[in-house]
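Lettering of chains follows the sequences in order, A, B, ..., and the numbering in each one begins at 1. What you are looking at is a predicted structure, and each value in this text was computed from that prediction instead of being measured.
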Amino acid sequence: MPSEIPKAYEPQKYEDDIYAAWEQSGLFNPDTLPGERKEYFSIVLPPPNVTGTLHLGHAAILAIEDLMVRFARLRGKKTLWLPGTDHAAIATSTKVEGLLQKEEGKNRHDIGREAFVKRVEAFAAASHDTIVRQVRKMGASVDWSREAYTFDAVRNRAVNLVFKQMYDDGLIYRGFRVVNWDPIGQTVISDDEIIYKETTAMLVTFTYDQDFPIPISTTRPETKVGDTAVAVHPDDARYAAYVGKTFEATFCGVKLSIKVVADEAVDPAFGTGAVGVTPAHSLIDAEIAQRHELPSRQVIDTDGRMTSDAGELAGLTTLDARAKATDWLRAHGLIQKKEDVAQNLSTAQRSGGAIEPLPMRQWFIGVNRPFAFKASTHAPIKGIKDGQQVTLKEAMQYVVRTGQVKIVPERFDKTYFHWIDHLRDWNISRQIWFGHRVPVWYCKACGPEHGNVEACRQSIVSAVPVVECPACKGPVEQDPDTLDTWFSSGLWTFSTLLNKDVQTDDLRAWLAQSPDFQTFHPTSVLETGYDIIFFWVARMILMTTYAIGEIPFETVYLHGLVRDEQGRKMSKSLGNGIDPVDMIAKYGADATRLALVLGSTPGNDMKLSEEKVAGFRNFTNKLWNISRFVFSAFSRQPSAVSKEPEAKTLADRWILSRFARVQDQVTKHLEQFEYSSAGETLRDFTWGDFADWYLEIAKIQKQNPTLAVSTEANLLFILSRLLVLWHPFMPFVTEEIWKHVHASPPAKGGTSGEAGQRGPRFLMVAAWPEAVNRVDEEAERDFAKVQEAIVDIRNLRAANKVAPTETVGVKLTDAVVAEQASIVHALARARAKDATGQNSVATANVVVYLPAVDAGKERARLAKELDALRAYVTATQAKLANAEFVSKAPVQVVDSMRAKFAEAQVKRQELEKQLNALV
RNA sequence: GGGCGGCUAGCUCAGUUGGUUAGAGCGUCACAUUGACAUUGUGAAGGUCAGAGGUUCGAAUCCUCUGCCGCCCACCA
């Protein structure tokens, strides 16, 4: 009953119950959505790390995606938002290792692989519940019945199948090369997991020994015991005489055999223009070495210590060795120069360890290797034929270039292509224990690791566990490495849609037997922060186009990162984080969501402050009170409740016109991913037009018996539709108010009757309002004048410049009916006070009359603009008519002149029409 | 070194194909308010749209250059 609606909206009272009711209703599940839904809309939740807690990045993802999803659902689409969590191999492993060290002073090797993995899994399971609870708090309408995990049995099978397929296609290979070794995490990492840190380093210029003719510069003297060459630029005259020669030198007790080679990679202007080449410990040097067939000598091991090949430096850490090597050089008088230089130190994203390039045998995905493309029969990529030879790089570029995958905002296309251009083969094996194990087995008895029986030379790659060597029936052991976590994430859009009950070793057959996949793939939108465009977005495109011949999603929507008031990234260590969980507790999920969506545009970072959230809490309360007024101020006659809107007064015409316009704009904005604009349009209408103006007018209109019913009908009409429009932005408060919209009015005598349901019980499955053609420009113009007049009157009255009985005029067009006079009149009275501070009871005579004065201003403006245009048209006409000019000007110039001219002509005609309408 | 973005009111930001007098929220100030809401209402002040040049009848918007801030990529050893 209206009188029972509390004065202020307290989100904490309602949110949990509403969410529980939604969840119970089955409406999150597309299979149990009401009505016939032909089109689908699907989106996967970027799986939060299972060990994490909800931060503002997640909150932004949830707010925006829930907005997309609820909009789609309200528009009658078969809508799936699929949740899940990410095992985040390295991140989780590192975290648990840290805890283990802290709590028990042990490392993972102390407790062994099996025990360690168990521990990680226990930890993951516990924190999984936390993050999932927090996702619910945000109001996310995800289908929990389909929840997936990147490291569960189904996803593991998918990973193994794709691995095998890639191996069979020659895309996955095992190679021995210089990789990024993280000595702290004790694993290799991919190029994308490196973070560069600005540091200063000592650049030392020296020669290996007294007899060596070419000085070189380095910041890492200790690695020079592994040098096998000195490279110079081919055009460098200083060293031309030495190129091709080999010199013997002894450095720190190591006998070096240094060949001088010429290579384009060397910058002759840097340092001495000569580079000591260390093939084993520098990627660039390894490439030089490959070009010149130079030998490689490893002098650093996986613990970051010098190997026994490092002569006097053997056994030292790299830092100690660096000091010792420098001392050695000084002692031998070989140093020519020492200077500080700025340097970008490579560190591991997760462990922070300084990356040590080491030559190792690892698994890679070859991005430049051609393979026979296998097209999808379900949703084929346009333009790549079945069997066509393509590379992964080409496929990744192709789907974006042809617009089959659209990136919003568009400018990230460039970032994406730039990344692909520089992409090297992707190192997918990791030496950590937590993660999808590389599905490769080696024969213990006769495999390449232990013998050289011909039949066993190949690794045994299999999607299903291998128990014995197919060749010799001997025992096998699985590759100890695990896969990069992004390998499994890359399959996410389709691996989450696989039917877990199907047993098959053929991925395509599996997909064919998975109804969810058939219905919901490719997904409609992938929404995430731009910071993981390479890690995730690009990898999904790579994996999905390759593995199933489909695009993973049609649109990529990249939101900006949420920063604090000083523009810093939110982080725990800085202590500057606004905790969304706190915000929800304090201001409600709706306010938190609004603060994250309004005032932020895709791809641009946003700053968030608590004040902003508080501001939107005020708005949720405003909407609540608007509803409270509408429900309580009227008798709620059934006749009004079920009535269509009726424009009896100017104010009615105006508000219905404005609403029709707003409804249309909001729908368009949402369709175009302009969420902030959609929300702002709605807020301005709701607060500014509807609450501040129409509600005030409604108070007056309802006193007029001939207007009471239609006014109520209009209020209810707009309010109920506003709730639908607002629902994707703030689902909780709108859902709560919705209950009142459809509650029956109190029966005569005071007892409330049976709830007379009209429309669906849940707002979340109400119908998105149909577009209506009710825009009434005349009413909008007239009402604007009334508003202006009212404001003028108030100001004049406030300044006591108008006597209480003075007449103030406002001109309206002929559609004005008698009611308008009283409306304007009453509003002026309500807001005016005389100079003594007393409410002025004496009525200001506000009369609506019809002098044609106020068109003057606008006419003058239009005339001015028109004059300018006319002058232009005349001048251009002359120019274009001038054959001499045209013959001199290039064709394009003349064409663009003509186009502009035509445009100006159209514009001129429009203006003339407008002007004539005013006269 | 290469690329991308930003610079609009005190603060945070909109500004959608170039077009009336450049907008919103917060903040500030003034006024109002017993009846939907003080989590309120009305109004005001506050902007040479970073700078310079160009295209145009007309530029915050398009082009060129410059400055400052930020991000991404590369990694000169």
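Put simply, A:K622 has no side-chain N or O that comes within less than 4.0 Å of OP1 or OP2 on B:rA36.
Backbone-only engagement by A:T601 is indicated by non-hydrogen atom pairs under 4.0 Å involving sugar-phosphate atoms exclusively. A:R908 comes within 4.0 angstrom of nothing in the nucleic acid, heavy atoms only. Using a 4.0 Å heavy-atom criterion, one finds that A:A871 contacts no nucleic acid atom at all.
Under the rule for a salt bridge (Lys or Arg N to Asp or Glu O under 4.0 Å), the partners of A:D191 that lie at least two apart in sequence or sit in another chain are A:R424. Looking at residues two or more places apart in sequence or on another chain, you find a salt bridge (Lys or Arg N to Asp or Glu O under 4.0 Å) between A:E736 and A:K739.
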Listed pairs, N/O of protein and of nucleotides 22-27 of chain B, under 3.5 Å:
from, atom 1, to, atom 2, distance (Å)
B:rA24, O2', A:R683, NH2, 2.7

For nucleotides 2-7 of chain B, give me every protein contact, N/O to N/O, under 3.5 Å, one pair per line with atom names.
from, atom 1, to, atom 2, distance (Å)
B:rC4, OP1, A:K414, NZ, 3.2

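Place A:K612 and A:L203 on RNA chain B by their nearest nucleotides, and A:K612 ends up nearer the 5' end.
Taking the six-membered ring where the residue is Trp, A:F901 and A:Y872 present tilted rings, their angle falling between 30° and 60°.
Rounded to an integer number of Å, the gap from A:D531 CG to B:rC73 C1' is 15 Å.
Remark: nothing in residues 583-592 of chain A comes within less than 4.0 Å of RNA chain B through any heavy atom. For RNA chain B, the neighbouring residues in residues 272-291 of chain A, judged by any heavy atom under 4.0 Å, are A:V275, A:I284.
Taking a pair to require two hydrogen-bonding distances under 3.5 Å in either a Watson-Crick or a G-U wobble arrangement, B:rA36 remains unpaired. When Watson-Crick and G-U wobble pairs are counted only if both distances are under 3.5 Å, B:rU21 pairs with no nucleotide at all. The base-pairing partner of B:rG1, taking Watson-Crick or G-U wobble contacts with both distances under 3.5 Å, is B:rC73. Nucleotide B:rU48 is matched to nothing when pairs are restricted to Watson-Crick or G-U wobble geometry with both distances under 3.5 angstrom.
Listed nucleotides B:rA36, B:rU16, B:rC37 differ in distance to A:N621; the shortest reach to its side chain belongs to B:rC37.
Residues A:D689 and A:Y694 bring no donor and acceptor atom of their side chains to less than 3.5 Å of each other.
A centroid separation of less than 6.0 Å is found between the aromatic rings of A:Y9 and A:Y14.
Within 3.5 Å, a donor on the side chain of A:N344 pairs with an acceptor on the base of B:rC75, or the reverse.
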